[in-house]
Amino acid sequence: MHQWSRTLIPTTREAPKDAEVPSHVLLHRAGFIRPVGAGIYDYLPLAHRTINKISAIVREEMEAAGASELLMPALEPFELFKDTKRDEAYGDNLFRVMDRKKRMNALAPTHEEVITELMRGCISSYKQLPLNLFQIQTKFRDEARPRAGLLRCREFLMKDAYSFHSKLEGPGGLNETYDAMYAAYTNIFTRCGLDFSAVEAESGPIGGSASHEFMVNCASGEDTVLKCKASGYAANVEKCEIGPRKAPSAGYFVGEPTGTLEEVHTPGLPGIEDVAKHMKVKPENMLKTIVFKVESTPEEKAKFGEEWIIAVVRGDHDVNEGKVRDISGCKIALADPKEAEAKGFAIGFVSPRAAVGKAGVLLLVDRDAAVGFDDAKGKSMFWVTGGDKKDYHIKHFNWVRDFGKDPLAAQAHAADKGYAQGGLRGGDKYLVVGDVRNALAGDPSPRAAGSNLETGRGIEVGHIFKLGTKYSEAMGLQVPDEKQQRSTVIMGCYGIGVSRTMAACVEMSHDENGILWPVALAAYHVVLTIMDVGSARQQAEAKQLATQLSAQGLDVLIDDRDERPGVKFKDADLIGIPVRLVLGDKALDAGGVEFKLRKDTQGKGGVVAMGEVVAAVVGAVNG
RNA sequence: CAGGGUGUAGCUCAGCUUGGUAGAGCGUCUGGUUUGGGUCCAGAAGGCCGCAGGUUCAAAUCCUGUCACCCUGACCA
């Protein structure tokens, strides 16, 4: 049991002006955190207690799933990152520290390199695998823009686990451990009392194997999630597939021109919305073109030369970079404007015509943009797109007339296949129709015919990932297998943002008076509010009750501050303790104390007889 | 990294346009008052006006530079 007057809970009436999101405001006001620098925070006693509770749950479930805890250093020699090239991949996000010998070190953003190096020296046989090791430790990332309090920090607490396998399938394989981690994460976030979803996530260009994110469902979340109720499919928008869309009845691209091609001067209009407004059309009548540069290896460049990809989607849609990458089969990056303009692309004003007659340019057209006839309206489509020169757009773009019938005809087979695989190196193709945009609410489900996707927002608190051999390959982690062949170890990694989980919980669960902690994460289960601290009787009763509650394994906070009742009630609500017991003369005279749950916002609760209080609190806490 | 904004008391902010030597509310401390949802009254302490240059008789205020923090975007295993 702790006394409020003997610990540090600096509640405030107002939050700092720069705090905007609820978790930031409330964690500050409730005395959980204080800023130290950009994206760096003090974790005060309440926060520390809550974080310890999250950590304890994580530990239990990780151990139960067969993982062992260890602790690796946060400070690492910089050379470690060279083998995996993550000194470059992380770029400025990697904190660099020069030591007295002028040697460069890194503050670890994550520990793949360290643990792979560790394993290289510790295991020498496939018989020692599988292994799953985890730690709970402070991570450092020099984020370009830390924001939203604890949700995006430069220093934060993370549980990171790494598993090692000699095979993918079967007992002891990566897939088995991955599934075990999926189950463990589900247990962890369920026990934390969070409303969450496990969703398919973008697994990046390496390997293309499975990856799931665990998202706390919350309208203020940074990530967009799509779900199909019928099939249970759920995915991050970065990853979400779109089910078969209805093909245009007349065929792709086919439609009569809606008028003669007309150039319009559109200077100083930065966004598609502005251009649409200026040209008096809807964004859905515009074609949005995004230019990507293929990032080839030197060998590829020698063979294929410089390569570009132009993705075309409807103006009200967004290009999905992962889908462009997957369909083209190329590593890509948004084109550098200067470089692209040198190639003849008027960035910001590119139309599909820009691809015509240029070698090494692939045009990827989203299915919704690859039409010329509006079936719903029963007439040809009206398209506005770039004018292929600075500050100009064109009206009445028609695919067949203005892009060219021959190139379209040559690709009819690709369009019919729908999700055509192709691209620059698939032959002579330079136009492919497919799914290259972000999914939206109402889009067809990719897993259940006739069902539609729904959207929600989420905060990513966990991410599990099949790494494959990315790190073991780069760092030479191999063990001999049954046949005495050296084989590269297969890895998985599994992260949980512990400090972010605390903040996400507040985002998910608060009201106008403060935080509502789930019992499992509450810094204290119960707060005893002493009405008159000058009353020896109230003090004695409080102490006795607190002792009884503590004996039941409950965490008890006694508000023994010499404050007016109103102040104490406000603070109790603010810091969000699930159960409040008020010790005042009125209730004591009636032989009890006042019992109120934080989630019951109305009224002041009822009097519970002294002999039944402990059972009542235990009952409330247990569920 | 680009664009925008802000740095004045522990917190929220006013003062700056039009230079004249520092203000309010909340919080803190003292005394009184009050005592079931952030009482009321009186008094007090508390500031290198982010930092460094410059202009001026005089700078929180004008100029230059710099640092820090925040917002939007880019970025984000």
Side-chain angles (χ1 to χ4, degrees), chain A residues 10-21 24-25 28-29 31 34-40 81 84-86 89-94 108-113 115 139-149 151-154 156 158 160-162 201-207 211 213 222-223 236 238 270-271 321 333-334 336-337 460 462-467 470-471 491-497 500 512-514 529-535 538 559 561-574 580 582-587 593-594 596 601-605 607:
Chain A
T11 59
T12 61
R13 214 187 281 233
E14 286 173 297
K17 63 166 185 239
D18 49 35
E20 298 205 339
V21 300
H24 190 189
V25 171
H28 185 103
R29 285 193 54 213
R34 284 295 183 267
V36 176
I40 308 172
F81 287 90
T84 54
K85 297 204 169 74
R86 288 217 298 178
Y90 256 103
D92 290 337
N93 269 18
L94 198 59
T110 171
H111 279 75
E112 281 85 359
E113 285 86 357
I115 201 160
K139 293 286 187 285
F140 299 88
R141 291 182 197 178
D142 197 0
E143 293 281 351
R145 189 151 92 78
R147 68 187 90 176
L151 289 174
R152 184 168 296 282
C153 288
R154 296 199 296 167
F156 57 97
M158 180 172 175
D160 49 325
Y162 307 89
E202 175 60 44
S203 51
I206 320 289
S211 169
E213 288 168 337
E222 270 191 319
D223 292 287
N236 192 310
E238 292 167 2
E321 200 172 321
L334 213 55
D336 174 66
E460 179 191 351
H463 197 162
I464 58 177
F465 201 104
K466 294 184 187 176
L467 280 179
K470 180 182 175 185
Y471 294 93
M491 294 172 59
C493 74
Y494 319 93
I496 290 179
R500 181 187 275 184
E512 67 278 11
N513 293 318
T529 303
I530 299 175
M531 290 297 297
D532 176 9
V533 291
S535 159
Q538 290 179 21
D559 190 351
R561 294 174 300 165
D562 185 12
E563 290 287 353
R564 294 171 55 83
V567 173
K568 296 190 185 191
F569 295 148
K570 285 283 187 192
D571 274 348
D573 284 352
L574 182 60
R580 188 184 80 196
V582 180
L583 290 97
D585 283 339
K586 284 181 202 162
V593 297
E594 187 184 306
K596 181 178 172 298
T601 49
Q602 299 301 317
K604 59 177 194 174
V607 174

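No hydrogens, no waters, no symmetry mates; every other heavy atom, side chains included, goes into these values. Note on naming: letters A, B, ... go to the chains in the order of the sequence lines (proteins, then strands), and numbering restarts at 1 for each one.
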Non-neighbouring partners of A:Asp585 that pass salt bridge (Lys or Arg N to Asp or Glu O under 4.0 Å), sequence neighbours left out
A:Arg537
Mind checking side chain to side chain donor-acceptor pair (under 3.5 Å) for A:Glu460 and listing every partner two or more places apart, or none if nothing turns up?
A:His463
Length of the NZ-P vector between A:Lys139 and B:C76, whole Å:
20 Å
Given B:U39, is OP1 or OP2 found less than 4.0 Å from the side-chain N or O atoms of A:Arg564?
yes
Have a look at A:Asp160 and say if it touches a base, only the backbone sugar-phosphate, or nothing, with a 4.0 Å heavy-atom cut-off.
nothing
Distances under 3.5 Å between nitrogen or oxygen atoms of protein and nucleotides 27-32 of chain B:
from: B:G27; atom 1: OP1; to: A:Arg13; atom 2: NH2; distance (Å): 3.3

Can you list the residues that meet the side-chain contact (heavy atoms from CB on, under 4.5 Å) rule with A:Asn513, with sequence neighbours excluded?
A:Asp511, A:Lys570, A:Asp573, A:Arg598
Using a 4.0 Å heavy-atom cut-off across all strands, classify A:Arg29 as base, sugar-phosphate, or nothing.
base
Hey, what are the protein-to-nucleotides 12-14 of chain B N/O distances that come in under 3.5 Å?
from: B:U12; atom 1: OP1; to: A:Lys17; atom 2: N; distance (Å): 3.0

Interatomic distance, A:Arg147 CZ vs B:C1 P [rounded to whole Å]
16 Å
If pairing means Watson-Crick or G-U wobble with both distances under 3.5 Å, then the partner of B:G7 is B:C67
Go through the structure and list residues passing salt bridge (Lys or Arg N to Asp or Glu O under 4.0 Å) with A:Arg561, not counting sequence neighbours.
A:Asp559, A:Asp571
Give A:Glu594 one of three labels, base, sugar-phosphate or nothing, depending on what nucleic acid heavy atoms sit under 4.0 Å from its own.
base
A:Glu594: what forms a salt bridge (Lys or Arg N to Asp or Glu O under 4.0 Å) with it, not counting sequence neighbours?
A:Arg580
Within the pair A:Arg145 and B:U72, is there a side-chain N or O less than 4.0 Å away from OP1 or OP2?
yes
side-chain contact (heavy atoms from CB on, under 4.5 Å) against A:Glu222, all qualifying residues, sequence neighbours excluded:
A:Arg147, A:Arg152
Check side chain to side chain donor-acceptor pair (under 3.5 Å) between A:Asp142 and all other residues, then give those that pass, not counting sequence neighbours.
A:Arg154
A:Ala144 near the nucleic acid: base, sugar-phosphate alone, or nothing, with a heavy-atom cut-off under 4.0 Å?
base
What's A:Asp573 touching, base or sugar-phosphate or nothing? Going by heavy atoms closer than 4.0 Å.
base
Counterpart base for B:U55, defined by Watson-Crick or G-U wobble contacts under 3.5 Å:
none
